[in-house]
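Order of listing sets the numbers, starting from 1, for every ligand and every atom in it. Starting from 1, each residue takes its place in the sequence as its number.
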Amino acid sequence: MNASPHAFTAHSPAAALEHPEQYEHAEQTTDFLPLKGTDHVEFYVGNARQAAYFYRTAFGMSLVAYAGPETGQRDRASYVLQQGKVRFVLTTPMRSSHLIAKYIHLHGDAVHSIALWVDDARQAWLETTKRGAVSVAEPYEISDEHGTAVIAGIAAYGDTIHTFVERRNYSGPFLPGYRAVTSDPVARPVGLLHIDHMVGNVGWNQMNEWVDFYARVMGFSLYQHFDDNDISTEYSALMSKVMANGNGYVKFPINEPAEGKKKSQIEEFLEFFPGPGVQHIALATHDILSTVSKLREQGVEFLRVPHTYYSDLQQRVGKIDEPISELEELGILVDRDDQGYMLQIFTRPVEDRPTLFFEIIQRKGSRSFGKGNFKALFEAIEREQQLRGNL
Ligand code: FE2
C-alpha cells in the first residue's frame, strides 16, 4: 500500500449545517456509499516493531502480515495485527524525511486512517468527492500473486483520512505487497470481536460541520446526540453526536468541547494531539468479564470509578446477568436503554500524550454509548487530568 499523499492541514467541510436534526429521520432510498464495515485502522507510530509487541501482548492481537524493506517496501515498515474482525496496521517510516515522520512529530503515535471496506473503491471515491470530500488518494490498483486490490482516500477531520479498500479480487493475507505471518507465539488473545465505534474529537463549534460532512458527503445519519446537560461535571463538558452509515456497521461519534469551569478532557486532547483526531476506539466482546480480566493481567490500565458507583447500580439498571461484585472488582460500568443494557470500561490513554484510549464494550440489546455513565466516568478522567496538571 502506498503512502497516502496528504497535507497536514485541517480540512473543513464547505458548508456548516444549521439543523442537523433533519438527518435523524431522513429517508434514505439508496445508500450511495455502501460500506461492508471497517477494513482496518492504520496508526503511524515511532517504532512499529515495539508498538506491535504492545498490542500483541497487552491487547492480544496476532501478527498476521508484514511489509517492510525485506519485502520490497523500502521507505517504511507496516505490521498487520488482527483479533476477531479488529485489524490494526502499525506503520513507521524508515527515514526522518518521510512524510509519515512529520505526522508522528506533530501528533505522536496516532490513528492516521480509518479504512472502510467497500465493493467498489472507485465509486466510493467518486460519490464522496462529488459531494465535497477532499481527495488524498485518487483510486489506484495494487497487485501481487494473490490478485488486485483498489485503494482510494479522502480527508476527514484534522489529519485523519478515510481509505476505501476494495478487496473482492484479492485473496492474500492483507493487501498486495504484504507477506503473511502464519503463527504468532507472542499474541495473547482476549476475545475482542470487532470495532463497535470510533470517536473523533473536533474543535470548538466544529461538531455540526463534521456531522454535516458525514451526512452530506458520506450518506450517514444521526444516530444519537448528547448535549452539555447530559455530559457535564463540575469542571468539564462536551457535546457529542453519533453518526452511523446506512447499515449501521460503522458508527462515528463526534465530540466537541463545551464551556466548563476548567479545561475539559476534549480541550486537553486538542491541545496535546494537537488538533482534531481519533479519541477512542471501542472494541466489542461477548464476555467483558473475561476480556477485561485478561487485559488487566496483561498490563492494560483502566480508569477506575469510585465504589459508590456500584452502591445504587442495581436500582439504576435493574436486573443484569453479571454479578455486581465482579463488575465492581474490575471497574466495569453498566448503562441501560429501552432495548437492553450494555457494559463498558475505558483504558487510560495508551500514549504518554493524553490522547488515544480504548473502550471495551459488551452490548446486551442496548444501543447506548453509556450516557448514564458519563458523569462518573468524566469525574474519573478529571482526577487523571488533575494528576497530569492539565485541569
Ligand atoms: Fe465510546
#### Entry: Residue and atom, protein N/O/S, under 2.8 Å of the Fe ion (ligand 1)
H197 NE2, H280 NE2, E359 OE1
### Query
Who pairs with T355 by side chain to side chain donor-acceptor pair (under 3.5 Å), at least two apart in sequence or on another chain?
none
### Task
Test the R131-F213 pair against the cation-pi criterion, namely NZ or CZ under 6.0 angstrom from the six-membered ring centroid and within 45° of the ring axis.
no
### Task
Check whether L330 and Y309 end up in the same hydrophobic cluster, where Ile, Leu, Val, Met, Phe, Trp and Tyr are linked by side-chain heavy atoms less than 4.5 Å apart.
yes
### Message
When you group the ILVMFWY residues by side-chain heavy-atom contacts below 4.5 Å and let the links chain together, are L90 and I114 in the same group?
### Response
yes
### Query
Can you name the salt bridge (Lys or Arg N to Asp or Glu O under 4.0 Å) partners of K319, sequence neighbours left out?
none
### Query
By ring-ring contact (aromatic ring centres under 6.0 Å, His included), which residues pair with H197, not counting sequence neighbours?
H280, F369
